[in-house]
Amino acid sequence: MKKLLSLILLGAALCATPASWAQDSFNFGVVGHSFSGSPDEGVLRRALDESDADNLAFVVVNGIKSAAEPCSDALYSARRDLLKEAENGIIVSLAASDWVGCRNKNGSVAIERLNRMRDLFFPDEFSFGASKVPLFRQSVTPKFRSYTENARWEFGNVLFATINLPAANNHFLQDGGRNSEFEDRLIANKDWLQRLFIFATQKKLAGIVLFADGNPLAQPSQRPFLLRGQRDGFAETRQRITTLAATFKGKILLVHGENLKDESNAGIIWRRNLGSIGVASGWSKFAVDSGNAALFTLNNSSKAPKTTAAPPSQ
């Protein structure tokens with residue numbers, strides 16, 4: 001029965017017209033670092049079960065394992081299979097814990113593990129789960145064919161997108177000659193952001209939601225682990241987002257996985273039309289309402305105040 005339902009929903013997604021996605025209000029879910037407290041698959045399973053029981057357009061999962069768990073094909077495959085069982089459409093947003101710290105006896109295997117995750121978690125143009133969400137991946141551009149993890153989709157009058165920005169200083173390494181992954185991804189992400197904002201502007205969309213592991217909007221002073229003189233791996237991305245946001249007529253929301261002390265339990269923090277919020281553990285429900293001036297609100301009470309500085313009218 002579940003397979004039949006999946007086929008029906010997939011057919012509906014393939015045949016859907018833009019109007020069928022044009023909803024004035026809807027909810028979506030975000031599963032944060034479910035493994036931050038304990039490497040227990042049951043935590044992720046419960047989050048998926050609870051979100052399945054809700055009426056959600058889709059669910060974004062930030063991170064599929066803890067840094068303490070092995071970076072093995074067996075674990076990756078088990079988590080992928082778990083996501084496939086969900087009823088909601090599940091989109092994966094990579095976290096630093098998934099690949100940045102992976103090592104073997106010879107040293108770091110982060111890049112090899114990143115490429116393996118790309119093979120396992122981003123195989124085609126649809127989400128996981130029974131409710132298939134059609135996705136457009138950056139990898140359709142030949143120059144960036146490796147970046148399957150960067151994906152976008154539309155729901156209502158909003159553009160949603162994932163972007164690979166690991167919380168561990170964006171995987172910038174201090175050791176000279178070892179930053180090719182960081183530099184190449186920096187170029188890919190710059191292109192991706194530019195295309196997202198152009199697309200949303202041309203379609204006159206009301207908003208953009210970006211899902212990332214790290215919070216590129218945070219200043220170096222908010223990152224105590226940065227040593228004096230160390231390069232801020234998010235500097236270029238922060239500048240790109242703020243520059244693009246300044247000319248965008250709608251609202252932009254960044255949903256990330258960092259739990260910075262001065263932003264803990266602060267809800268959505270707005271600076272003009274650019275908002276950010278950390279979802280570091282458990283799962284959260286967000287509401288999108290075109291009749292609300294803020295457009296996006298946190299719709300569950302497990303995080304702190306429902307309101308912070310609201311963005312001014314555009």
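Note: F160 and F58 have perpendicular aromatic rings, judged against thresholds of 30 and 60 degrees for the angle between ring planes. Aromatic ring pairs are classed by plane angle as parallel below 30°, tilted from 30° to 60° and perpendicular above 60°; the pair F28 and F286 is parallel.
No salt bridge links R185 with E149; every basic N to acidic carboxylate O contact stays at or beyond 4.0 Å. A salt bridge is defined here as a Lys NZ or Arg NE, NH1 or NH2 lying under 4.0 Å from an Asp or Glu carboxylate O, and D52 with R46 fails to meet this definition. Using a 4.0 Å cut-off between a side-chain N of Lys or Arg and a carboxylate O of Asp or Glu, E125 and K132 do not qualify as a salt bridge. A salt bridge links E85 with R45: at least one charged nitrogen is closer than 4.0 Å to a carboxylate oxygen.
Applying the ring-ring contact (aromatic ring centres under 6.0 Å, His included) test to F172 and every residue at least two apart in sequence or in another chain returns F182. Applying the salt bridge (Lys or Arg N to Asp or Glu O under 4.0 Å) criterion to D49, with sequence neighbours excluded, gives no partner residue. Applying the ring-ring contact (aromatic ring centres under 6.0 Å, His included) rule to F128 yields no partners; only residues at least two apart in sequence or on another chain are considered. W99 meets the ring-ring contact (aromatic ring centres under 6.0 Å, His included) test with H171; sequence neighbours excluded.
For T243 against Q239, the heavy-atom pair with the smallest separation is OG1-O, 2.8 Å. Closest heavy-atom contact between S127 and L135: N-CD1, 3.8 Å. Closest of all the heavy-atom pairs between S93 and V60 is CB-CG1, 4.0 Å. The two residues R145 and S139 make their nearest non-hydrogen contact at O-CB, 3.2 Å. The heavy-atom pair separating G63 from D98 by the smallest distance is CA-OD2, 3.4 Å. The minimum heavy-atom distance linking A151 with R137 is given by the pair CB-NH1, 3.7 Å.
When only modelled atom types and interatomic distance are considered, N164 and N150 share no side-chain donor-acceptor pair under 3.5 Å.
Sorted by first and then second residue, the salt bridge (charged side-chain N to carboxylate O under 4.0 Å, His left out) pairs with a member in residues 282-298 read D54-K285; sequence neighbours excluded.
By the criterion of side-chain heavy atoms lying less than 4.5 angstrom apart, applied directly or through intervening Ile, Leu, Val, Met, Phe, Trp or Tyr residues, L186 is not grouped with L114; the two fall into different hydrophobic clusters. Linking ILVMFWY residues whenever their side-chain heavy atoms come closer than 4.5 Å, directly or via other members, places L205 and I241 in the same cluster.
Side-chain contacts under 4.5 Å among hydrophobic residues (ILVMFWY), followed directly or transitively, place I187 together with F144, Y147.
The cationic atom of R152 (NZ for Lys, CZ for Arg) lies less than 6.0 Å from the six-membered ring centre of F136 and within 45° of the ring axis.
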